[in-house]
Number of protein chains: 2
Amino acid sequence: MSSTPSNPNNNPAAANAGGAGGSSPTFSPLYQQIKALITQSLQSGEWKPGELIPSEVELANRFKVSQGTVRKAIDELAAENLVMRKQGKGTFVSTHHEARAHFRFLRLMPDEGVPHYPESKFIEVKRMRAPADVARLLDLKSGDAVIFVKRVQSFDGVPTIVEELWLPGLTFKGLTAERLEEYKGPMYGLFESEFGTRMIRATEKIRAVCAGADDAALLKITVNTPLLASERVSFTYGDKAVELRRGLYLTERHHYHNELN
Amino acid sequence: MSSTPSNPNNNPAAANAGGAGGSSPTFSPLYQQIKALITQSLQSGEWKPGELIPSEVELANRFKVSQGTVRKAIDELAAENLVMRKQGKGTFVSTHHEARAHFRFLRLMPDEGVPHYPESKFIEVKRMRAPADVARLLDLKSGDAVIFVKRVQSFDGVPTIVEELWLPGLTFKGLTAERLEEYKGPMYGLFESEFGTRMIRATEKIRAVCAGADDAALLKITVNTPLLASERVSFTYGDKAVELRRGLYLTERHHYHNELN
DNA sequence: AAGTGGTCTAGACCACTTT
DNA sequence: AAGTGGTCTAGACCACTTC
């Protein structure tokens, strides 16, 4: 009946994820499909951390959808910290080489003074076979190759954190103590630049423990000093676990900061 | 030049927050103004926790803006957990009387098994004058009346949490031990229903400490057992602090769970 | 001036819930 | 059938950045 030329939303299926059209029983909103396509380009490295991604208009043309649909997709990616929007300039792929990204994962704050990044001293870096518990958390098979890292971090020369890390050997092949020591800044920045693996999310379990003899020596504290113990599993795109990190935090001049929303 | 009748976005100032129009040097997007108006209605109790708020169409008519603008305002309120959308039914004011709300603030999870809410045993409830540190965190004057609460919480009969709370006496006038004891469920639910004060956000500082004699007795553990110590300040609308809570958590069969995004 | 993201509108249709 | 939120489009204009 309508004589107006408008014929919106014929859902041209222009942006399907490349599967066989029609046989898939699962449907999702267009903007979710667009979001998935953009995420794929991020994951594949088509657009690298720190780089500009195509403008909303260009993506809308490419995917044959309206700018508003692309916008909604990017809105969600921005909310998940995968990209950052800058008015007048464009949308950039998030990177760990930024002050603002550092404190998303470093939650230990000084009781007084401004937060800053600690210095690292590496105690041990070696290849080994994954123990059962590590393999389970990293979604590997027991005995698979992993890289083990142990380090102490200090704030203003005061040893405060002892950390042990396990990384999948396949993903981080070639990681050496020298490379770690010469790199300044968060490890996640190195992982992103050198190994193309970007941490985007993590879960953490925290408890209180007493310092053992070894850890007490490293932190220069007395045995049985109470410490925060954190077990963190980090994930990259596709919810793939790529790091297990167990840390002990001295909380005499620092605290773990959290926001409950 | 355009002959089309469309004259959108003349920004009719229909939805200004009631201030003197024109003299204010600060401008904000329309949807932010709408969001502020809706928040005011939430804060004033015009729409109470659990209730349905007016539909998007009705709010759009009321504020003389498009439905899309109201939608964007509500989108943000939903992201902040102030309201909950339910397709086909409407938008509801969030409430602490819900299973899904409980675990936003209770982060202590069992190492094994499904999370559930602990039972409370109240040790002490009294009115007192705010010590300096409490007053500072609650934005009161030192010596102002506060209500002090101390309780022990148990999971399956195992004492696990010792908590001390300080509440502004003015806001929580009439809070008694009896009322607390007969109430089942999270305190935030009681605060919301009985005192019209809804917690919407909190910040937390966490450290590791050793159990002292008193706390060890309450938790039935030995002195010097390591415990998680949490200091939480909770806020209601307008970033007003309304609770200080200091908790000690036994983390032998539980852990503090956190998601880093 | 041109390009980018940010806001706002108007209208269509869809999915879900209730009557 | 009517009402709600959810998706999608098309187009206008604004604010900011760069050329």
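With rounding to whole Å, Gln67(A) atom CD is found 10 Å from dG6(C) atom P. Going from atom CZ of Phe27(B) over to atom P of dC13(D) covers 20 Å, rounded to whole Å. Rounded to an integer number of Å, the gap from OH of Tyr31(A) to P of dA15(C) is 14 Å. If you take CD of Gln87(B) and P of dC13(C), they are 18 Å apart, rounded to a whole angstrom. Between Lys72(A) atom NZ and dT7(C) atom P there is a gap of 15 Å when expressed in whole angstrom units. In this entry the distance linking CZ of Phe92(A) with P of dT4(C) reads 12 Å, nearest Å. Rounded to a whole Å, the CG atom of Asn61(B) is 13 Å from the P atom of dG3(D). Rounded to whole Å, atom C1' of dC8(C) lies 16 Å from atom CZ of Phe63(B).
Ion pairing between Asp75(B) and Arg85(B) holds under the 4.0 Å rule for side-chain N and carboxylate O. Between Lys35(B) and Glu80(B) there is a salt bridge, since a side-chain N of the basic residue sits under 4.0 Å from a carboxylate O of the acidic one.
Listed candidates were dT7(D), dT18(C), dT9(D). Nearest to the side chain of Pro29(A) is dT7(D). Nearest nucleotide to the Thr91(A) side chain, out of dC8(D), dG5(C), dG6(D): dG5(C).
Nearest-nucleotide mapping onto DNA chain D: of Lys86(B) and Ser66(A), the residue sitting toward the 5' end is Lys86(B). Residue whose closest nucleotide on DNA chain D sits further toward the 5' end, between Val70(A) and Ile74(B): Ile74(B).
A close approach under 4.0 Å does occur between a side-chain nitrogen or oxygen of Thr69(B) and OP1 or OP2 of dT9(C). Regarding contacts with the backbone of dG6(C), a side-chain N or O of Arg71(A) is found under 4.0 angstrom from either OP1 or OP2. For dC16(D), the OP1/OP2 oxygens have no side-chain nitrogen or oxygen of Lys89(A) closer than 4.0 Å. Contact check, Arg85(B) against dG6(D): a side-chain N or O comes under 4.0 Å of OP1 or OP2.
A donor atom on one side chain and an acceptor atom on the other are found under 3.5 Å apart for Glu204(B) and Ser230(B). Side-chain atoms of Arg151(B) and Ser120(B) include a donor-acceptor pair closer than 3.5 Å. Looking at Asn258(A) and Asn258(B), their side chains do bring a donor and an acceptor atom within 3.5 Å of each other.
With Glu51(A) contributing its side chain and Val93(A) its backbone, the two residues share no donor-acceptor pair below 3.5 Å.
Arg232(A) forms no cation-pi arrangement with Tyr256(A), by the criterion of a distance under 6.0 Å to the ring centre and an angle within 45° of the ring axis.
For residues 44-58 of chain B, proximity to DNA chain D is found at Ser55(B), Glu56(B), defined as any non-hydrogen atom under 4.0 angstrom from a strand atom.
Taking a pair to require two hydrogen-bonding distances under 3.5 Å in either a Watson-Crick or a G-U wobble arrangement, dC14(D) pairs with dG5(C).
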